[in-house]
2 protein chains.
Amino acid sequence: MEQSQLCPRFEKALEILSKRWTAKIVYQLQSGPQRFVWIENSLPNLSGKVLSERLKELEAEGIIQRDVYPETPVRIEYKLTDKGKAFAPLFKEISSWAEQWVDFPSAP
Amino acid sequence: MEQSQLCPRFEKALEILSKRWTAKIVYQLQSGPQRFVWIENSLPNLSGKVLSERLKELEAEGIIQRDVYPETPVRIEYKLTDKGKAFAPLFKEISSWAEQWVDFPSAP
DNA sequence: TAGTCTAAGTTACATAAAGTAAGCGAAAAA
DNA sequence: TTTTTCGCTTACTTTATGTAACTTAGACTA
């Protein structure tokens, strides 16, 4: 039986997006450079441990950049690279899909 | 400290897409109705156990439909609903992001 | 000079999610 | 009666994530 061949670039992109928290982190950074604790507080249930892992992975992928400001206490900011900013149209698509198809009939 | 408020619909969409395997399964079904084993074989490393879970979740979300053909042995096909088909432009965006930004410098 | 404070993590431990492989039920074919 | 096929489940193992306490570094405070 044949396996459907997925384009490796596409597959890579899908893997980045499918990994828990990555999409949310990247989305969160669309609004500008942010510090560790800020991102952590922005995404409920995301633990510092996993955030730390994901930021390293995203940096390794060239999607975000880590900037160190040697103040006291040290300030570290994470921001999207061009590669990361290029996700913007994708988020727009997700948004418009959501607008059209996701309903919230009941309020909590 | 304020938390950035994510639109609940958008968040829901992001959660669907971020869950391991869901995006790949939905993408796989874009090519037409498929049976359990076919999907399983199309996605390397996806276990039947998780596929079973995901298909139920996606059906509950109204993204796919499960059709039973009482042949022998029974044939069951999964296919996208309109809601599921509406992911198409999103996959196009992922694809074009991947084309532009993902490189594969070395061949295996 | 010892003790304190803060940001940005890290570590050890506990829980949840996913992977593996064997098994099940139905119906028909051998 | 045994075998085969499909579409799953179940029991068990491994991996991923969550929690909470701890670490490091430099400047500030007592």
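To find a chain, count down the sequence lines: A is the first, B the second, and so on, and within it residues start at 1. The structure presented is a predicted model; accordingly, all values stated were derived computationally and were not measured.
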For atom [atom1] of [X] and atom [atom2] of [N], their distance in whole Å:
X: Y78(B); N: dC6(D); atom1: OH; atom2: P; value: 14 Å
X: R54(B); N: dG7(D); atom1: CZ; atom2: C1'; value: 18 Å
X: N45(A); N: dA16(C); atom1: CG; atom2: P; value: 13 Å
X: E71(A); N: dC5(C); atom1: CD; atom2: C1'; value: 16 Å
X: L51(B); N: dT20(C); atom1: CG; atom2: C1'; value: 15 Å
X: L55(B); N: dG7(D); atom1: CG; atom2: C1'; value: 11 Å
X: L46(A); N: dG9(C); atom1: CG; atom2: C1'; value: 13 Å
X: R75(B); N: dG7(D); atom1: CZ; atom2: C1'; value: 14 Å

- Query: For dA8(C), does OP1 or OP2 lie under 4.0 Å from any side-chain N or O of W38(A)?
  - Reply: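 It does not, given that no N or O in the side chain of W38(A) lies less than 4.0 Å from OP1 or OP2 of dA8(C).
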
- Task: Would you indicate, yes or no, if dC6(D) has its OP1 or OP2 atom less than 4.0 angstrom from a side-chain nitrogen or oxygen of R35(B)?
- Result: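 Negative; the distance criterion is not met.
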
- So, are E11(B) and K24(A) salt-bridged, with charged N and O less than 4.0 Å apart?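 Looking at K24(A) together with E11(B), the answer is yes, because their closest N to O distance falls below 4.0 Å.
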
- Message: Reading DNA chain C from 5' onward, which residue's closest nucleotide shows up sooner: R20(B) or S52(A)?
- Response: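 Here S52(A) is the residue nearer the 5' end.
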
- May I ask you to decide if the ring planes of W97(B) and F87(A) are parallel, tilted or perpendicular, using 30° and 60° as cut-offs?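 Rings of W97(B) and F87(A): parallel, under 30°.
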
Quick check for you: among [options], whose closest atom lies nearest to any side-chain atom of [X]?
X: K56(B); options: dT17(D), dG19(C), dT9(D); result: dT9(D)
X: K49(A); options: dA8(C), dG7(D), dT19(D); result: dT19(D)
X: T72(B); options: dA27(C), dA27(D), dG19(C); result: dA27(C)
X: F36(A); options: dT11(C), dG9(C), dG19(C); result: dG9(C)

- Any side-chain donor paired with an acceptor under 3.5 Å for E59(B) and Q65(B)?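 Side chains of E59(B) and Q65(B): no pair found under 3.5 Å.
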
- Message: Given 3.5 Å as the limit, does a donor-acceptor pair link the side chain of S18(A) with the main chain of R20(B), or not?
- Response: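 Not at all, since once roles are kept as given, no pair shorter than 3.5 Å links the two residues.
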
- With a 4.0 Å cut-off on heavy atoms, is Y69(B) in touch with a base, just the backbone sugar-phosphate, or nothing at all?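 If one applies the 4.0 Å heavy-atom cut-off, Y69(B) turns out to touch nothing in the nucleic acid.
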
- Query: Can you tell me if OH on Y78(A) sees more than 12 non-hydrogen neighbours from other groups inside 6.0 Å?
  - Reply: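 Enclosed.
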
